[in-house]
There are 2 protein chains.
Amino acid sequence: MSEELAARGQTTAAQVRKDLSHFGSFGKRGLGYRVRELRASLQRIIGVDRPWRVALVGAGRIGLALFEYPAFRARGYECVAIVDSDPEKIGTVWGNLTIRGPEEFETIVASLDVELIILAVPGPAAQELAARAVDAGVKGILNFAPIRLNVPPRVPVEDVNLIMELEALSFAITQAQRDA
Amino acid sequence: MSEELAARGQTTAAQVRKDLSHFGSFGKRGLGYRVRELRASLQRIIGVDRPWRVALVGAGRIGLALFEYPAFRARGYECVAIVDSDPEKIGTVWGNLTIRGPEEFETIVASLDVELIILAVPGPAAQELAARAVDAGVKGILNFAPIRLNVPPRVPVEDVNLIMELEALSFAITQAQRDA
DNA sequence: CTACATTTGTGAAGATTTTCACAAGCGAAG
DNA sequence: CTTCGCTTGTGAAAATCTTCACAAATGTAG
Ligand SMILES: NC(=O)c1ccc[n+]([C@@H]2O[C@H](COP(=O)([O-])OP(=O)(O)OC[C@H]3O[C@@H](n4cnc5c(N)ncnc54)[C@H](O)[C@@H]3O)[C@@H](O)[C@H]2O)c1
Ligand SMILES: NC(=O)c1ccc[n+]([C@@H]2O[C@H](COP(=O)([O-])OP(=O)(O)OC[C@H]3O[C@@H](n4cnc5c(N)ncnc54)[C@H](O)[C@@H]3O)[C@@H](O)[C@H]2O)c1
């Protein structure tokens with residue numbers, strides 16, 4: 001069982017067991033893990049055993065792709081608001097949501113209980129919006145802007161930097177060729 | 001100098017120096033690093049001292065966002081072809097490129113010297129396209145499909161999994177709240 | 001030329017992570 | 001109830017990564 005999990009996760013059985021043991025004891029010796037139970041426990045530990053309320057900040061190209069991506073909702077991330085500063089976009093409707101202006105941002109976060117934001121605005125706007133989001137009570141940020149956000153340490157930030165991913169590929173390829 | 005680099009990279013000066021020492025000796029003692037030189041050396045090491053030829057596979061929502069993202073080209077990743085299987089999309093023009101059908105895939109990779117692909121097709125199609133890309137000579141894959149691609153180890157794959165990033169946020173938040 | 005103020009590069013120490021290997025526990029079979 | 005086969009959970013060992021602390025360079029000033 002830990003063997004199979006290891007194979008799927010590209011790691012070793014011992015690592016799987018050690019990692020799980022860090023959070024508790026889930027399996028039965030001689031038997032393995034009961035999948036539904038383990039799954040439920042892990043969901044609870046990770047915090048994905050309940051829906052999360054998300055606001056999309058920046059209704060641009062990447063924002064649109066993300067908004068239309070059904071897997072988010074399927075996994076419990078529910079987009080409850082969209083904010084953009086472009087006057088042409090404010091008031092237009094995406095799905096069941098109307099795009100709002102940034103002056104309403106704090107009100108939206110507070111009234112809709114937004115916990116997470118997806119920040120998909122250009123770099124220069126990102127820091128200010130992040131700070132405002134944090135002040136308004138947002139608890140975490142998924143950041144697509146290519147800057148390091150300066151927020152209090154209690155607010156986790158996950159950066160998505162696709163250029164770094166491409167550069168990691170370039171490095172791996174260059175490296176492999178150097179070896180050969 | 002290593003102090004400043006450390007501050008920017010959220011790490012320590014010793015770490016910066018140790019990491020650099022792994023690839024060579026770049027600075028001058030007592031003086032620091034000469035920025036232009038260090039930069040050039042690292043670009044060469046990473047392999048980003050020359051342009052990379054990229055094909056976009058999957059002209060959907062995420063594919064469009066990526067294609068229109070100017071930072072890729074600015075950093076030396078040049079999109080030289082777009083492939084999609086949708087008959088409505090084949091033949092249409094994005095920027096200076098015409099979308100091609102998947103039956104042309106191998107020809108395109110070979111004739112245009114495609115080194116990297118950005119895979120932005122639905123999961124079920126991804127494995128087959130990845131295998132064909134590798135056979136046609138592609139050297140690396142940036143994969144957006146939510147599956148683990150099975151390709152030979154000489155071909156590096158970078159996975160972008162935004163759901164995992166959101167789940168990492170959820171975990172960090174849940175954890176912080178448990179502590180408090 | 002010598003003393004001095006700097007900052008790198010790097011062994012050694014310390015900390016963390018991963019692997020090893022096996023006792024502890026569990027169900028099944030006799 | 002006892003034995004047996006199997007898989008987890010976990011201390012201990014091994015490997016890896018990070019930090020420490022300082023000698024080796026380098027430019028400068030006297
Ligand atoms: N497009 C991509 O594939 C891609 C990939 C990785 C990262 N990114 C990053 O994501 C961010 C957005 O990229 P994009 O391609 O969607 O850009 P975009 O220009 O298409 O969209 C940005 C949106 O943000 C809005 N905006 C600007 N200032 C704002 C403000 N102060 N308040 C609210 N909204 C504001 C704009 O009106 C626009 O709708 C950028 O930081 C970019 O670097 C984009
Ligand atoms: N949209 C997002 O924000 C997002 C985020 C993360 C990951 N992803 C992943 O990226 C992939 C694409 O997502 P999307 O939202 O752009 O989907 P999409 O449906 O908008 O686009 C997929 C495109 O791939 C094309 N396609 C399908 N089969 C093909 C084949 N065999 N050969 C060539 N082209 C083919 C389709 O015609 C379509 O144009 C999916 O795997 C999705 O899980 C999307």
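The chains referred to below are lettered A, B, ... by the order of the sequence lines, with proteins before strands, and numbering in each begins at 1. Everything numeric in this text was worked out from a predicted model, so none of it was measured.
Under the 3.5 Å distance criterion, with hydrogens and angles disregarded, no donor-acceptor pair is assigned to the side chains of Glu165(B) and Asn161(B).
Here the C1' atom of nucleotide dT8(D) and the CG atom of Leu5(A) are 12 Å apart, to the nearest Å. Atom CG of Leu20(A) is separated from atom C1' of dG9(D) by 10 Å (rounded to the nearest Å). Atom P of nucleotide dT19(D) and atom NE2 of His22(B) are separated by 15 Å, given to the nearest angstrom. Distance, Phe23(B) CZ to dT10(C) C1': 17 Å, rounded to whole Å. Here dT7(D) presents its P atom at 17 Å from CZ of Arg34(A), a figure rounded to the nearest Å. Between the CE atom of Met1(A) and the P atom of dG9(D) there is a distance of 11 Å, given to the nearest Å. Spacing between atom CZ of Arg29(B) and atom P of dT26(D) amounts to 8 Å, rounded to whole angstrom units. One can place CZ of Phe26(A) at 18 Å from P of dG25(C), the figure rounded to the nearest angstrom.
Remark: Tyr33(B) is not in phosphate contact with dT26(D), judged by side-chain N or O atoms under 4.0 Å from OP1 or OP2. A close approach under 4.0 Å does occur between a side-chain nitrogen or oxygen of Gln15(A) and OP1 or OP2 of dT19(C).
Among the nucleotides dC26(C), dT8(D), dC20(D), the one closest to any side-chain atom of Lys28(A) is dC26(C).
A donor N or O paired with an acceptor N or O is found under 3.5 Å between the base of dG11(C) and the side-chain atoms of Lys18(B). A donor-acceptor contact under 3.5 angstrom links the side-chain atoms of Arg17(B) to the base of dG9(C).
Within a 6.0 Å sphere centred on CD of Glu88(B), other residues, nucleotides and ligands contribute 12 heavy atoms or fewer. Other residues, nucleotides and ligands place more than 12 heavy atoms under 6.0 Å from the CZ atom of Arg50(B). Taking a 6.0 Å sphere around CZ of Arg75(A), one finds it holds 12 or fewer heavy atoms contributed by other residues, nucleotides or ligands.
In this structure, Phe171(A) and Phe23(B) have perpendicular ring planes: the angle between them is above 60°, well past the 30° mark.
The residue among Leu31(A) and Ser21(A) whose nearest nucleotide of DNA chain D lies closer to the 5′ end is Leu31(A). When each of Asp19(A) and Gly30(B) is assigned the nucleotide of DNA chain C with its nearest heavy atom, Gly30(B) is the one assigned upstream, toward the 5' end.
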